[in-house]
A.B. asks: 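Have a look at this one before I ask anything.
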Protein chains: 2
Amino acid sequence: MALRHAVLAALLDGEYSGYQLAKAFDIGVANFWHAVPQQLYAELTKLEKEGLVAGRQVIQETRPNKRVFRVTEAGHAELERFATDVSKPSSIRDDLLVKVQAADRVDTGPVIEQLEERASAADGKIELLGQVLRRLRGDAAEEEFLRTGDRVGPYLTCLRGLSFEQEHRDWCLRTAGILRERQAHHAGR
Amino acid sequence: MALRHAVLAALLDGEYSGYQLAKAFDIGVANFWHAVPQQLYAELTKLEKEGLVAGRQVIQETRPNKRVFRVTEAGHAELERFATDVSKPSSIRDDLLVKVQAADRVDTGPVIEQLEERASAADGKIELLGQVLRRLRGDAAEEEFLRTGDRVGPYLTCLRGLSFEQEHRDWCLRTAGILRERQAHHAGR
DNA sequence: AAGGGCATGTAATTGGTTACATGATTTG
DNA sequence: CAAATCATGTAACCAATTACATGCCCTT
């Protein structure tokens, strides 16, 4: 059960409501842990019951009121303990790769299309992550920031996300190209 | 529910028992879909009930008997249909990245250790995948094989797995190095 | 007036993980 | 003779997904 720890780690950046946390997950944490809003609301409720986070009401005039959460002492302790646990091997799951695995036994047309869509989705994500990284490091150069900046954790995980997306895009384009070429060949028989 | 499709795609390579399928998953399919043996046994039972795979008993003398499965016509049709579905975005989950996200707020010692362990685990996987790729392409050069080989599906997904592991190893080592340097700095204060 | 963003959930279902169980045979 | 490999599951629990639900405010 590491969603709780992903939530705790995300809340280290400051106070968030469930809604804001969902946004933060989408851009940053989703690089290594995906969750939909419903999960986050449920998890925050559980964490509060267990005293690992504390919520407080924020009254807003122009928008609905919200509850924002911060990590408690007990929450920090739990993260500290979690950091010493052995990690499970990282796992990927990707529908599209299942389709590529079967690519030479099914109609490749739709698979090629999806590979190209994925590639451009990855391009979007690459640009977004670039912006996030620039925002995180401020004016400092990357090396400088990594040596002396505070809060390098999110920066390091974003770097991982970035390289993942870049590799993913390259692989998608290459694979689409290969399948397209093979398609042309077969048509010529 | 794409485990079923991952199973169908894996069974395109030939007949497998549950046990053999579990092995095949560990080396190949795990690059994009992880599953433990219990899941596979359960899924094969379901798929057989639905007529997407067909099992047959193989009597062995020196080893326990086993049931091996092949994809039926209906199974192929289901894969064909699946290939045209829109794909969900690929998702990663990784405990260790959760820890890195929190790295500047918890004791980094154990995190650094785990990053280095991961890096050497990735090294092992990289070597293994290299062997798998060589075996799949036989005597042909890679380019040649990708143009004209049959069964390029598994080859392409292994290439993705390989580049994932390489990036993962590099990132782990770089991150461990950065955290170590910061640790030394802080100690010197 | 419609659509999108803010804000928070409940309920039902499906999928995944963990622990347990069994028993033969082969290899070191 | 102990450990690993082959071979197949059941049961209990935990996590994730999907569908549904509500309501306000702001922009177009």
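All values below were derived from every heavy atom in this structure, side-chain atoms included, with hydrogens, water molecules and symmetry-related copies excluded.
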A.B. asks: Regarding A:Gln60, tell me which of base, sugar-phosphate or nothing describes its non-hydrogen contacts under 4.0 Å with the strands shown.
C.D. replies: sugar-phosphate
A.B. asks: Is the phosphate of C:dT8 approached by A:Tyr19 (side-chain N or O, under 4.0 Å from OP1 or OP2)?
C.D. replies: no
A.B. asks: Would you say B:Gln39 places a side-chain N or O within less than 4.0 Å of OP1 or OP2 belonging to C:dG16?
C.D. replies: yes
A.B. asks: Taking for each residue the nucleotide of DNA chain D with the nearest heavy atom, is it B:Asn65 or B:Gln38 whose nucleotide lies nearer the 5' end?
C.D. replies: B:Asn65
A.B. asks: When rounded to the nearest 0.5 angstrom, what distance separates CG in B:Asp26 from CG in B:Leu21?
C.D. replies: 10.0 Å
A.B. asks: Specify the residue among B:Val36 and A:Pro64 whose closest nucleotide of DNA chain C lies further upstream toward the 5′ end.
C.D. replies: A:Pro64
A.B. asks: Tell me: CG of A:Asp26 to P of C:dC6, nearest whole Å?
C.D. replies: 12 Å
A.B. asks: Does atom CD of A:Glu143 have more than 12 heavy-atom neighbours from other groups under 6.0 Å away?
C.D. replies: no
A.B. asks: Within less than 4.0 Å of OP1 or OP2 of C:dG16, is there a side-chain N or O belonging to A:Lys88?
C.D. replies: no
A.B. asks: CZ of B:Arg63 versus C1' of C:dT22: gap in Å, rounded?
C.D. replies: 18 Å
A.B. asks: Quick one: is C:dG9 close enough that its OP1 or OP2 comes under 4.0 Å of any side-chain N or O from A:Tyr41?
C.D. replies: no
A.B. asks: Given D:dA16, is OP1 or OP2 found less than 4.0 Å from the side-chain N or O atoms of B:Arg93?
C.D. replies: yes
A.B. asks: Think B:Lys23 has a side-chain N or O under 4.0 angstrom from the OP1 or OP2 of D:dC6?
C.D. replies: yes
A.B. asks: About how many Å separate CG of B:Leu173 and NE2 of B:His168, when rounded to the nearest 0.5 Å?
C.D. replies: 10.0 Å
A.B. asks: How would you label the contact of A:Arg4 with the nucleic acid (heavy atoms, under 4.0 Å): base, sugar-phosphate, or nothing?
C.D. replies: nothing
A.B. asks: If I take atom CG in residue A:Leu21 and atom P in nucleotide C:dA7, what distance separates them, rounded to the nearest angstrom?
C.D. replies: 13 Å
A.B. asks: Rounding to an integer number of Å, can you tell me how far A:Glu61 CD sits from C:dC6 P?
C.D. replies: 18 Å
A.B. asks: Does the pair B:Ser17 and B:Gln20 meet the rule for a side-chain hydrogen bond (donor to acceptor under 3.5 Å, both in side chains), with working shown?
C.D. replies: CA-CA 5 Å; B:Ser17 67; B:Gln20 292 173 304; 3.3 Å; yes
A.B. asks: Atom CG of A:Leu3 and atom C1' of D:dA15: how far apart are they, to the nearest Å?
C.D. replies: 9 Å
A.B. asks: Using atom CD of B:Glu43 as one end and atom P of D:dT10 as the other, report the distance to the nearest whole Å.
C.D. replies: 14 Å
A.B. asks: Can you see if the side chain of B:Thr62 gets near the phosphate of C:dA24 - specifically, an N or O under 4.0 Å from OP1 or OP2?
C.D. replies: no
A.B. asks: Compare side-chain N and O positions of A:Ser17 against OP1 and OP2 of C:dC6 and report whether any pair is under 4.0 Å apart.
C.D. replies: no
A.B. asks: Between C1' on D:dT17 and CH2 on A:Trp33, what's the gap in Å once rounded to a whole number?
C.D. replies: 15 Å
A.B. asks: Once you round it to whole Å, what is the distance between P of C:dT14 and CD of B:Glu50?
C.D. replies: 12 Å
A.B. asks: Do the rings of B:Tyr155 and B:Phe145 sit parallel, tilted or perpendicular, given the 30° and 60° boundaries?
C.D. replies: tilted
